[in-house]
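Here's the structure we're looking at; comments come further down.
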Amino acid sequence: MTQTASQITPQVVADHGLSQEEYARILNAMGREPNLVELGIFSVMWSEHCSYKSSRIHLKKLPTEAPWVICGPGENAGVIDIGDGQAAIFKMESHNHPSYIEPYQGAATGVGGILRDVFTMGARPVANMNALRFGNPDHPKMKHLVQGVVAGIGGYGNCVGVPTVGGETNFHSAYDGNILVNAMTVGVADQDKIFYSAATGIGNPIVYVGSKTGRDGIHGATMASADFADDTDEKRPTVQVGDPFTEKLLIEACLELMATDAIVAIQDMGAAGLTSSSVEMASKGGCGIRLNMNAVPQRETGMTPYEMMLSESQERMLMVLKPGKEPMAQAIFEKWELDFAVIGEVTDTGHMVLEWNGDVVCDIPLGPLADDARNMTDQR
């Protein structure tokens, strides 16, 4: 196994946003010390941004059940019965830290992310909304932040062709140190054509579609869970860079494939990118996953498995397809000038196994990786 456990010092653990208690839980889960790839995967899956470890207790207080609720928490987006065999699919998500560090791209990729969450479920996005909280208008950074966030939201939505139909903006000095950027997308789908993310079918191919993977957004989920200090500008490389024109192509390609019977499961590569999408698909399906990292489409040379798994490059999706459907799916995505690659398969191991250059560079039991993230409460 490359990138050995001997590299994992207390400082490396701290740099990944993990406490010593959390690291002890990793050791217990694995029965050995992790290597750097495995530590990185645990760090993003156990971050606040992915696991909601400190806010989950409060989120559970919100009402989520009613006769008209088709799908509540746990999937990419919520689904509500609106009659006539149709459903409204919607998602609201914050992109606060990235927007404070780099307001245009932070806000733009926030919009891009929730658009993907909605069309991942089979819906065509029809409207965006937002709720924004800025600090004192006289604060020296606030004019820059307001202009960047507004331009990012409008620019991404306009390029994709989904209008912003409403929103709200408030100013208060409490937000001088960190603004809030909450973006929402609503889509419409037929109730009998809703897609979910649980991977099933041992041996089924796992397919990567969309844009190539780069080094942008690495540690983005960890950054989005951290407190700010004086090094805010140094964190700019952790903010993703969006391409709304590619997103538009991805919407059309996914909806075209969804009109066939090829898709078993589909998941947006959002926070923590390839890591969160693969872990969530496998854990929800109660199965395992094997990925060949050499097959991942890359736009930069010399990328390591660590970088590929933690990259938050935008406009990417992960799918499980029915066997034999790969050529048809590939033809659709290549028609829309998007990358398509079979990068792995569903397994019965209950583990995430990553291979690179013929070596196993990661072997993590998915149960503790996903369940501990759901069950832990931030004690720090």
Side-chain angles (χ1 to χ4, degrees), residues 11 14-17 43-44 47-50 52-55 58 91-115 128-160 162-185 214-244 247 270-272 310-314 378 380:
Q11 184 58 52
D15 289 343
H16 282 74
S43 77
V44 293
S47 68
E48 173 65 27
H49 195 60
C50 290
Y52 302 99
K53 58 189 176 186
S54 67
S55 56
H58 303 292
K91 177 72 173 284
M92 185 176 78
E93 185 173 277
S94 65
H95 229 225
N96 307 331
H97 280 33
S99 299
Y100 186 79
I101 294 170
E102 209 321 292
Y104 184 93
Q105 289 296 348
T109 52
V111 174
I114 56 164
L115 282 165
N128 291 330
M129 297 183 72
N130 55 76
L132 311 177
R133 299 292 184 270
F134 296 107
N136 191 317
D138 296 329
H139 188 279
K141 290 193 67 168
M142 217 47 60
K143 181 178 180 180
H144 166 68
L145 292 172
V146 171
Q147 290 178 336
V149 166
V150 171
I153 290 173
Y156 203 101
N158 289 341
C159 291
V160 174
V162 179
T164 297
V165 300
E168 61 179 25
T169 303
N170 293 105
F171 293 84
H172 192 282
S173 58
Y175 302 105
D176 285 352
N178 186 20
I179 60 176
L180 302 186
V181 176
N182 297 296
M184 180 177 182
T185 292
R215 291 188 170 96
D216 52 317
I218 293 174
H219 283 309
T222 308
M223 172 277 295
S225 309
D227 294 327
F228 284 139
D230 295 329
D231 61 348
T232 299
D233 287 339
E234 296 176 12
K235 294 181 179 178
R236 285 181 185 272
T238 64
V239 178
Q240 314 98 307
V241 178
D243 179 354
E247 182 105 332
L310 270 60
S311 167
E312 291 190 6
S313 294
Q314 295 291 284
D378 194 350
R380 286 171 287 169

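Sequential numbering from 1 along the given sequence is applied to the chain's residues. In this text, all values refer to a predicted model and were calculated from it rather than measured experimentally.
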Which atom of [X] lies closest to which atom of [Y], heavy atoms considered:
X	Y	result
Ser313	Asp216	OG-OD1, 2.6 Å
Val160	Pro244	CG2-O, 3.5 Å
Ser43	His16	CB-O, 3.3 Å
Tyr175	Met142	O-CE, 4.3 Å
Ile153	Val181	CD1-CG1, 4.5 Å

All side-chain contact (heavy atoms from CB on, under 4.5 Å) counterparts of [X], not counting sequence neighbours:
X	answer
Asn128	Val111, Leu115, Val162, Thr164, Thr185
Phe171	Phe134, Pro137, Val146, Thr169
Met129	Val165, Met184

Would a distance-only check, ignoring hydrogens and angles, find a side-chain to backbone donor-acceptor pair under 3.5 Å from [X] to [Y]?
X	Y	answer
His95	Gly106	yes
Asn136	Asp176	no
Ser94	Asn96	no
Gln147	Leu145	no
Glu93	Ala183	no
Ser311	Gly214	yes

If you round to the nearest 0.5 Å, how far is CG of Asn130 from CG of Leu180?
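Those atoms lie 12.5 Å apart.
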Please round to the nearest 0.5 Å and tell me the distance separating atom CD of Glu102 and atom OG1 of Thr109.
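Rounded to the nearest 0.5 Å, the CD-OG1 separation comes out at 9.0 Å.
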Could you go through the side-chain contact (heavy atoms from CB on, under 4.5 Å) check for Asn178 and His97 one step at a time?
CA-CA 7 Å; Asn178 186 20; His97 280 33; 3.1 Å; yes
Could you tell me whether Met92 atom CE has more than 12 heavy atoms of other residues or ligands within 6.0 Å of it?
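Check fails, neighbour count at 12 or below.
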